[in-house]
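Since the structure comes first, as structure tokens, the remarks are kept for the end.
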Protein chains: 2
Amino acid sequence: MSLDQIEYFVAIAEEGNIGRAALRLHISQPPLSRQLRRLEDELGAPLFERHPRGVTLLPAGTRFLQHARSVLREVDRARRAVAERPPDPHT
Amino acid sequence: MSLDQIEYFVAIAEEGNIGRAALRLHISQPPLSRQLRRLEDELGAPLFERHPRGVTLLPAGTRFLQHARSVLREVDRARRAVAERPPDPHT
DNA sequence: TCAAATTACGGTCGACGTAAGGATC
DNA sequence: GATCCTTACGTCGACCGTAATTTGA
């Protein structure tokens, strides 16, 4: 699993459509479709149901989504924690 | 930033020594040292102070560490959330 | 001088993009 | 037949490991 895969997954979940998610992520559909497949393979279960006009979350995907968002939020906080100046006890 | 880099960083912080962390991670020192450097470059600040016998966390590193651990914990929960069977309202 | 970290270098594995191929309505 | 997802294929960049170099007590 990679942070990219997690970000890709969230985008697909939010767009409900791999093609639109690819546009938003500035990559093309095939790599995005492949990364989703690899994520599902690694997790051992499908996360979306494929339909003719898009994809919809399966229960496992819905459960995964919550934690996926937490991961991305924590990464963002980690970045900002480094930039942030440590509190000065004298002020 | 990648999950590998985060895992590498935590290992180095816990071992206080890049060589030992490399043993624990089953990789060699050079790639580990390089990944740490890249992480620091991307974050725009050093996370460790280099000493002749190892490394010690700088304040920014200490702040980063907490969020790094949260990220890894959340990834683990994400994995398990997929494996977990959803609650059945009938039981 | 010794232990640890870093840089150099070559090889391999992974990810992307374009193009072609299904599948479903 | 139109739209979306997927497979095929070739290229390029990223990461690793071995070996050599540097740094600091």
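Just so we're on the same page: letters track the sequence lines, and every chain starts at 1.
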Exercise for the section: Could you state the atom-to-atom distance from CZ of B/R50 to P of D/dA25 in whole Å? Expected result: 15 Å
Handout entry: Criterion side-chain contact (heavy atoms from CB on, under 4.5 Å) on A/Y8 and A/I27, from CA distance to verdict
Key = CA-CA 10 Å; A/Y8 290 177; A/I27 63 174; 3.8 Å; yes
Practice task
Would you mind classifying the nucleic acid contact of B/N17 as base, sugar-phosphate or nothing, using non-hydrogen atoms under 4.0 angstrom?
Solution key: sugar-phosphate
Exercise for the section: Round to the nearest Å and state the distance from A/D4 atom CG to C/dA15 atom C1'. Expected result: 10 Å
Practice task
Using atom CD1 of B/I18 as one end and atom P of D/dG24 as the other, report the distance to the nearest whole Å.
Solution key: 15 Å
Handout entry: B/S33 side-chain N/O to C/dT6 phosphate OP1/OP2 under 4.0 Å
Key = yes
Practice task
Would you indicate what B/Y8 reaches in the nucleic acid, counting non-hydrogen atoms under 4.0 angstrom: base, sugar-phosphate, or nothing?
Solution key: sugar-phosphate
Practice task
Between B/R38 and A/R20, name the one whose nearest nucleotide on DNA chain D is closer to the 5' end.
Solution key: A/R20
Problem - Short N-O contact, A/E40 and A/R50, less than 4.0 angstrom - result: yes
Problem - A/Q5 side-chain N/O to A/S2 backbone N/O, donor-acceptor pair under 3.5 Å - result: yes
Problem - Length of the CD-P vector between A/E49 and D/dT6, whole Å - result: 13 Å
Exercise for the section: Calculate the interatomic distance between A/Q5 atom CD and C/dA15 atom P; express it in whole Å. Expected result: 7 Å
Handout entry: B/D76 bridged to B/R80 by N-O distance under 4.0 Å
Key = yes
Exercise for the section: Can you tell me the distance, in whole Å, between the CG atom of A/L32 and the P atom of D/dT7? Expected result: 14 Å
Practice task
In plain terms, say whether A/E14 and A/R20 are close enough for a salt bridge, that is, a side-chain N and a carboxylate O under 4.0 Å apart.
Solution key: no
Handout entry: Atom-to-atom span, CD of B/E15 to C1' of C/dA5 - whole angstrom
Key = 16 Å
Handout entry: B/R77 and B/E84 ion-paired at < 4.0 Å
Key = no
Exercise for the section: Could you tell me how the ring of A/F48 sits relative to the ring of A/F9: parallel (under 30°), tilted (30 to 60°) or perpendicular (over 60°)? Expected result: tilted
Fill in the blank from the handout: Nucleotide by nucleotide, nucleotides 17-25 of chain C touches protein heavy atoms under 4.0 Å in the pattern (B base, S sugar-phosphate only, - none) BBB----SS
Handout entry: Length of the line joining B/F48:CZ and C/dT6:C1', which is rounded to integer Å
Key = 16 Å
